[in-house]
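Below is one structure, written out as structure tokens; the observations come after it.
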Amino acid sequence: QVRLVESGGGLVQPGGSLRLSCVGSGFLLAHYAIGWFRQAPGKEREAVAYISNSDAIIKYGDSVKGRFTISQDKAKKTVYLQMGNLRSEDTAVYYCAFRTGDSPYGSGWYRQSEYDYWGQGTQVTVSS
């Protein structure tokens with residue numbers, strides 16, 4: 001059973017930075033991908049970033065391009081989301097999700113239905 005655990009959320013001032021971690025366990029697949037999503041109160045869940053296990057495919061949502069960076073440490077089965085220049089609109093619960101296999105060029109990475117397992121989420125609040 002795949003298990004994902006997020007951490008690193010908290011309260012940060014506008015313009016600040018945070019690094020989220022997603023630690024995975026229970027899988028030995030050669031091909032998979034991890035996505036980060038977020039959901040603000042009263043809004044739909046939004047795709048934030050994506051990385052294939054080969055590092056060959058990385059994607060970002062338009063609202064975070066240039067501010068967020070996704071990376072991974074495969075030995076630790078950990079995916080990171082480095083968030084910079086944070087804004088109040090980045091306030092949300094952030095989730096990581098596991099996609100079994102991958103698709104050419106990461107197509108469909110932004111669809112929640114493409115993912116098989118989800119973490120419990122970590123709260124990020126950007127406020128002065």
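The structure presented is a predicted model; accordingly, all values stated were derived computationally and were not measured. The figures here come from the full heavy-atom set of this structure, side chains too, leaving out hydrogens, waters and symmetry mates.
Side-chain atoms of K43 never come within 3.5 Å of backbone atoms of A92 as a donor-acceptor pair (strictly under, hydrogens ignored). At distances below 3.5 Å, not a single donor-acceptor pair connects side-chain atoms of N53 with backbone N or O atoms of A33. For the pair T125 (side chain) and L11 (backbone), a donor-acceptor distance under 3.5 Å is absent. Side chain of S88 to backbone of S127: no donor-acceptor contact under 3.5 angstrom is found.
Residues meeting the side-chain contact (heavy atoms from CB on, under 4.5 Å) test with T78, sequence neighbours left out: S21, V23, K76, Y80. Listed by chain and residue number, E114 satisfy the salt bridge (Lys or Arg N to Asp or Glu O under 4.0 Å) test with R111 (two or more places apart in sequence, or in another chain). Taking D55 as the reference, I51, Q72, K74 meet the side-chain contact (heavy atoms from CB on, under 4.5 Å) condition, with sequence neighbours excluded. Remark: K65 pairs with D62 by the salt bridge (Lys or Arg N to Asp or Glu O under 4.0 Å) rule, at least two apart or across chains. Every residue two or more places apart in sequence or in another chain was checked for a salt bridge (Lys or Arg N to Asp or Glu O under 4.0 Å) with E89, and none qualifies.
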Criterion side chain to side chain donor-acceptor pair (under 3.5 Å) on S52 and S54, from CA distance to verdict
CA-CA 5 Å; S52 63; S54 66; 3.2 Å; yes
Steps toward side chain to side chain contact (heavy atoms under 4.5 Å, CB included) verdict (V48, L81)
CA-CA 9 Å; V48 175; L81 185 67; 4.1 Å; yes
Might you work through the side chain to side chain contact (heavy atoms under 4.5 Å, CB included) test for Q112 and R45, ending with a clear yes or no?
CA-CA 8 Å; Q112 297 178 56; R45 194 167 294 189; 3.4 Å; yes
Assess whether side chain to side chain contact (heavy atoms under 4.5 Å, CB included) is satisfied between V124 and L20, documenting all intermediate values.
CA-CA 9 Å; V124 171; L20 305 183; 4.0 Å; yes
Given the rule in the side chain to side chain contact (heavy atoms under 4.5 Å, CB included) test, do E46 and S63 qualify, once you have shown the distances and angles that lead to the verdict?
CA-CA 10 Å; E46 173 191 18; S63 61; 2.9 Å; yes
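To the nearest 0.5 Å, atoms CZ (R99) and OG (S113) are separated by 9.0 Å. Atom CE of residue M83 and atom OG of residue S17 lie 8.5 Å apart, to the nearest 0.5 angstrom. One finds the CD atom of E6 at 5.5 Å from the CH2 atom of W36 (value rounded to the nearest 0.5 Å). Atoms CG and CD1, on L4 and I34 in that order, are 5.5 Å from each other to the nearest 0.5 Å. Atom CZ of R38 and atom CD of Q123 lie 12.0 Å apart (nearest 0.5 Å).
Taken together through direct or relayed side-chain contacts under 4.5 Å among Ile, Leu, Val, Met, Phe, Trp and Tyr, V5 and I70 form parts of separate hydrophobic clusters.
The hydrophobic cluster around Y110 extends to F37, Y50, I57, V93, Y95, W109, Y115, W118, counting ILVMFWY residues whose side-chain heavy atoms fall within less than 4.5 Å of a member.
For the residue pair S128 and P14, the shortest heavy atom distance occurs at N-CD, 3.7 Å. Heavy-atom minimum distance, R67 versus D90: NH1-OD2, 2.7 Å.
Looking at F68 and L86, their side chains come closer than 4.5 Å, going by heavy atoms from C-beta outward.
Taking the six-membered ring for Trp and thresholds of 30 and 60 degrees, F98 and Y32 have nearly parallel ring planes, at less than 30 degrees apart.
Under 3.5 Å, the side chains of S71 and R19 contain no donor-acceptor pair of N or O atoms.
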